[in-house]
Every structure is written in structure tokens, then in C-alpha cells.
Student: 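Sending over a structure as C-alpha cells; questions will come in a sec.
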Amino acid sequence: MKKFIALALSAAMVLSVFTACSVSDSNSGASSSNDTKADIVVVGAGGAGMTAAVQAKMDGATNIVVVEKGSVTGGNTTRATGGLNASETKYQKSEGIEDSNQLFIDDTMKGGKNLNNVDLVTYMVEHSKDAVDFVNEIGGDLSVVGLFGGASVKRIHRPSDTSSVGPMLVKSLTNKLEEMKIPVLLNTKAEEIITKNGKVTGVKVTDAKGTYTIECTSVILATGGFGANSEMCIEYNPKLTGFGSTNIPGATGDGIKMGVAAGAATVDMDQIQTHPTVNPDTQTMYTEAVRGNGAILVNKEGNRFINEMETRDVVSAAILEQTDKIAYMVFDQEVRDSLKAIEKYVNAGIVMEADTIEGLAEQIGADPATLKATMDKFSTAVTNGDTDEFGRENIELPLTRAKYYACLCAPAVHHTMGGLKINTKCEVLTAENTAIAGLFAAGEVTGGVHGGNRLGGNAVTDIVVFGRTAGSSAYAYLMENGGNTEPSIVVADNQSEGDASNTEVKPEVEANFKDGTYTAQAKGMSDVTVQAVVKDGEIVSIELTEHGETEGIYEAAVKSVIPAIIKGQSTDVDVAAGATLTSNAIITAINDIMEQAS
């Protein structure tokens, strides 16, 4: 179990305290005491943005600023569950896996229905091996190789503890930003890319103090896609009306809109991917690794209906043809033991279990004899090495070890393949294929890499490979246009681990609780124990003393929900985007504590 002092945040959560010099805004004609300068501004502190900032710093940039509209770093990357696809790696070779860059290219083009930009795909693939090394060198862990849908061989690189890749990557990158003293302006929303004579000259941003301009030489857009913007999804694909989304609420297409306003072209905007295995009640996405490690899909009647390792669009379409447009992902204890990520689904209460297949059938409403026959047919084929009836290959587990588990699934919007048009230097292009001077982009804000369908594991490859390239390209452009300058925005010297002076929160309203120390438990992704101290009638501190929440995700709730409760002495607060379960656990526990202290 983890211990965490809520109001003395780890230095890994960095980055909300900075000092800035005052300059005039020569582009808009206005001036503000908040206006300041940087050489490179990265818009978005998700995986691509943080990677770009780290790489630019490694290359030699000295004046980088990252702006993030959310309250924590990570973006959609916090929800990445699978891993990073890479070919010809040392990890594949050590396991005797025969792979090649060309096979990886072919799989990606086939999966993308050959709508992909082959130059971008080739570049991503040829740099994928280096992406694995980069992540491991900055403190990450990509050392286990597995199989994902659409891949001809085992190619997806995952953490050795079989946990989700996103939180690991976010934690590693956030720690690296802190180590490099790269400032991140949280709760700061980019509004406009400012250009003059065809060149980028700044970014207009808004924070709690108002709107101002950060003058700069180059901008890297890494704001993600628009999967959480239902209106925008429906605009480009009306068939998605009514679909849920696996994205964080902040994935609303801001960077695409800013890029277009600055003259950029877009590609493949109508190509929007659904993920087939999403819980329709909680919008929790089950990692493809569950199926990769052996799970099968059955319909409400208990029958299989698809090769579970087909591409996401094919599996999604097949589920939508079943009764009530849902399916159940079924697996056994051996699959559960093989993948740590499953535990968070169990802890969240969205996994049904039984000691027998017949007992599981009753839980999902299927005929016990039908499900038993389905499972027996599958296990016999696996055990005998026969050809699977749906053409599934490389099956290793026969699903015969009790207990047995099932997860309700339905497709939801997962990834937007379209976005800003770029080249292999990550330069943002106009409709005439001319680079917009000083404007770069990486990650889901761009289009062309994935074509008509993204293979599982390619998103993380995309953000690391092109994030690094965007950072290097922005630095190269900077050196051709004036070079490094001294930073005017810096991480405050007194920002250190365990130093609560910068994060101290005080009540802003009066309350009348009984003084004392109170404890309560609630259910998040895990059992969460919350402790609160009441002094002079007011709640003055809140801690998560024990929990098993997912690193890289739960911190958003700690950083936003707890201070809001203390300030208002009330649980009538907003939940943290991307950390709903932890937020609700804190709120539930504090409601209990308030009753105890009344």
C-alpha cells in the first residue's frame, strides 16, 4: 500500500510555482505585467509534449516553457494501458522474436487501411527501437514484449511488472522535467498561436490571473486529439452519435483549432477510432493486453463471434452487430495472474467472477451449456494446437484454470487519427505543404501516422518518436533564428520534496466541526483510507494514508479535490479530470468524516 501526505506533494508533481520577468507584448499591441518570454513553448504536458521538452533540453535548449491547461501533467497518456510498439529491439532479440522494420511498416499500413502517410510511418518505425531506449534511459521500464492486435509478431514493449504503460511513462517524464528544471505552467490554457510575417512569435495563454502572451521563437503543439469533444467527433463522423469516450475531458481538439487558425492544413479528420473493450457504465477501458494474454469475447448468448486480436475497428464493428451491441470479455485465473493491470478493474468492481464456467454464465445472463461449450471448444483447439475457428494465432493459454472472470464491453471513441498535417521533421504544414516557420507538432494533435485505424501500441510509439523529433526540430530552428536566451520563467528555488510551504491551503470559510483527527474509508480504484484533522472547528488537513490507486492518475485528485474541500469546508467540489474514482473516494470519505465531526 502507498502512503501519501496530501498537502506536502512530492516534487515529482512539480511545477506550479514559478517566477517571471515582465515584458511588453509587441505582437498584439497590448502589455501586461504577466507577459514574458521563452525560446520554445510546448503546448500540452502529455506524453508527446513532455517528451519534446525533455529532448529539446537534452539537445541544448536552455529556455523552454511547457503550458498545460489541466491541473497535472500527463494528459491522455495517463490512460495508456498497453505499451510501445517497436521493432528490431534487443528485448525482441533476447526472446528470439523475429521482427523487422519492414514487417512493422507493413502491419501499420495494413491496419491503417493504407490511408497512412508512408513517410511518417517509416520514420516512426525506424526510430521505434530508439524510443524504447529513450524511455528506459530516463527512468522508465519497457522490457517485456507481448502481442497486440494487428501485429504479426510480439512487438509491444511493456513494464516488467505488467502494469499500465501510461502512468509509468508520465511519472518518468514528469520526474525528468523536474530534474532538468523545465517549468510547467499548470492550469494555463493556450488560446492562440501568434505569428508575424509568416513566423511564430508567441502564444497567447490564459491562467487564473488573466490572459497574456509568452513571446517565443518556436511553438510545439502537443495538445492531443479531440476524442472527448463529442460535437467535433459527430461533425466529422455522424455515426458516432451517442458514443462514450475513453479520453480525459481535456481532449477537445484545442491544438488543432489553433493550428488551423495559424494557417495549418489537416488530414484524415474523419478517421476516428473506437476501442472495442470499454465498460459502458464507467467508461473504463480494458487494455488490449487482456485479450493479448488470452481472453476471448462472447456475446450475451455465450458464443464467440470474432478473432479477438483483429484490429480495433473490426472488433468494434463485430460487437455492434451483437445483441444489445455489447459483449463480455472472458478469461481465467491464469490470465488474471499474468497481467497486473487487471487488478485495478477488479478493485473498481467491474469484473464478475465465479468458480465455474456455468456460474459465470449465470452472472452474464448466458445459457450455461452454451458458454461451457464455447470455452471447451476454445480450450481444446489451444491444447491440441489446432487452427482456431476464427483464425486467431499465437494462443498460449487454454482458459481452464478457475476462477473465471467476465467484463462487460462496448465500443467507445478512443483515438482520433486525424489532425494537423506534418512532415518527418514535425514541421506543421499548410495546404500547399509549406512549413509554418517555427511551428511544430507531435502526438494525437497530428494526422497521417495512423491512417484509417491505429494499431494498439502505436500511440505511445507515436508520442515518443515524434515528441523527440519535435523537440530536436524546434531546437534546430531556434539555433538558426537567434539561439538560446536566458530564461525569464524558472522553477522557484524553494520548490522541493516535502516542502509544504508552497502548497499550504487554508480554509476560506468558517465551519463548526468538532476538533480532532478523523479517519474514514471509501472505494476508489482500491480501498482508500482518508485522514482529516479539524482544528478550531475547521478542516485544516486531509491525507490519503493508505491506498492502491494508480500512480500518475490519482495525484490529480489529491492536487485539486483536497485543496478545494479545505478552502470551502465542503465536499461540493468538482472531481478531477482523469481521476474520477479517486476523487469520489475522497469526497465520500470526507462526507463520512464530516458526519463524525458534526
Side-chain angles (χ1 to χ4, degrees), residues 14-46 48-50 52-53 56 61 63-75 174 177 181-196 199-224 226 229 248-264 420 428 436 438-443 445 470-471 474 478 485 487-492 559-560 577:
V14 184
L15 311 171
S16 58
V17 180
F18 308 94
T19 59
C21 298
S22 173
V23 299
S24 63
D25 181 356
S26 60
N27 298 303
S28 67
S31 65
S32 166
S33 60
N34 286 330
D35 288 1
T36 190
K37 291 182 178 180
D39 292 334
I40 300 172
V41 176
V42 180
V43 183
M50 289 194 288
N63 190 359
I64 308 165
V65 174
V66 182
V67 298
E68 166 59 46
K69 73 176 182 179
S71 60
V72 293
T73 58
T174 302
L177 289 175
K181 296 189 180 301
I182 299 173
V184 177
L185 306 183
L186 300 173
N187 299 304
T188 303
K189 184 178 185 297
E191 306 280 2
E192 180 185 356
I193 307 301
I194 299 173
T195 61
K196 186 176 182 179
K199 291 185 177 182
V200 166
T201 59
V203 182
K204 186 174 290 185
V205 302
T206 299
D207 62 16
K209 296 179 180 179
T211 299
Y212 59 98
T213 296
I214 303 175
E215 297 181 8
C216 61
T217 302
S218 60
V219 170
I220 300 172
L221 286 172
T223 53
F226 56 96
N229 187 333
I248 65 168
T252 52
D254 300 353
I256 296 173
K257 296 173 185 176
M258 285 187 286
V260 169
L420 300 177
V428 177
I436 299 173
L439 186 59
F440 306 87
V445 73
L478 170 67
T485 64
S488 61
I489 302 176
V490 296
V491 178
K559 189 161 186 179
S560 63

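Side chains are part of it too, since the values below use all heavy atoms of this structure and drop only hydrogens, waters and symmetry mates.
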Student: Are there over 12 heavy-atom neighbours, none belonging to Lys189, within less than 6.0 Å of that residue's NZ?
Tutor: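 Yes - once you tally the heavy atoms of other residues, nucleotides and ligands closer than 6.0 Å, there are more than 12.
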Student: Measure the CG-OG1 distance between Leu420 and Thr223 for me, rounded to the nearest 0.5 Å.
Tutor: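 Reported to 0.5 Å precision, the distance equals 7.5 Å.
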Student: Any side-chain heavy atom of Leu221 within less than 4.5 Å of one from Ile193?
Tutor: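 Leu221 reaches Ile193 side chain to side chain.
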Student: With side chain to side chain contact (heavy atoms under 4.5 Å, CB included) as the test, pick out the partner of Cys216 among Val200, Ile40, Val42, Ile194.
Tutor: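 In the set Val200, Ile40, Val42, Ile194, the residue that makes a side chain to side chain contact (heavy atoms under 4.5 Å, CB included) with Cys216 is Val200.
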Student: Not counting sequence neighbours, which residues clear side chain to side chain contact (heavy atoms under 4.5 Å, CB included) with Thr188? List them please.
Tutor: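 Val67, Leu185, Val205, Asp207, Tyr212.
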Student: Just by modelled atom types, is the Thr217 backbone N or O under 3.5 Å from a matching donor or acceptor in the Asp39 side chain?
Tutor: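 Such a contact is absent between Asp39 side chain and Thr217 backbone.
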Student: Any chance you could measure Ile182, atom CD1, to Asn63, atom CG, to the nearest 0.5 Å?
Tutor: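 Reported value, rounded in 0.5 Å steps: 11.0 Å.
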Student: Sequence neighbours excluded, which residues qualify as side chain to side chain contact (heavy atoms under 4.5 Å, CB included) partners of Ala45?
Tutor: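 So Ala45 forms a side chain to side chain contact (heavy atoms under 4.5 Å, CB included) with Met50, Val66, Glu68, Thr73, Val184.
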Student: Which residues pass the side chain to side chain contact (heavy atoms under 4.5 Å, CB included) test with Ala442, sequence neighbours left out?
Tutor: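 With sequence neighbours excluded, Ala442 shows a side chain to side chain contact (heavy atoms under 4.5 Å, CB included) to Ala48, Phe466, Ala470, given in chain and number order.
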Student: Nearest 0.5 Å please: distance from the CG atom of Leu186 over to the OG atom of Ser560.
Tutor: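 Those atoms lie 11.5 Å apart.
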Student: With a 4.5 Å heavy-atom cut-off, do Val43 and Ile220 have their side chains touching?
Tutor: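 They are not in contact (no side-chain heavy atoms under 4.5 Å apart), so the answer is no.
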Student: Between atom CD of Glu191 and atom NZ of Lys204, what is the distance when rounded to the nearest 0.5 Å?
Tutor: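 Output value for this atom pair is 9.0 Å.
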Student: Considering non-hydrogen atoms only, spot the tightest contact between Val445 and Ala222 and give its length.
Tutor: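 Closest heavy-atom pair between Val445 and Ala222: CG1-CA, 4.3 Å.
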Student: Going by atom type alone, with no hydrogens or angles, which donor-acceptor pairs under 3.5 Å involve a side-chain atom of residues 250-264 and a protein atom two or more places apart or on another chain?
Tutor:
from	atom 1	to	atom 2	distance (Å)
Thr252	OG1	Lys69	NZ	3.1
Thr252	OG1	Gly250	O	3.4
Thr252	OG1	Asp254	OD1	2.8
Asp254	OD2	Lys69	NZ	2.7

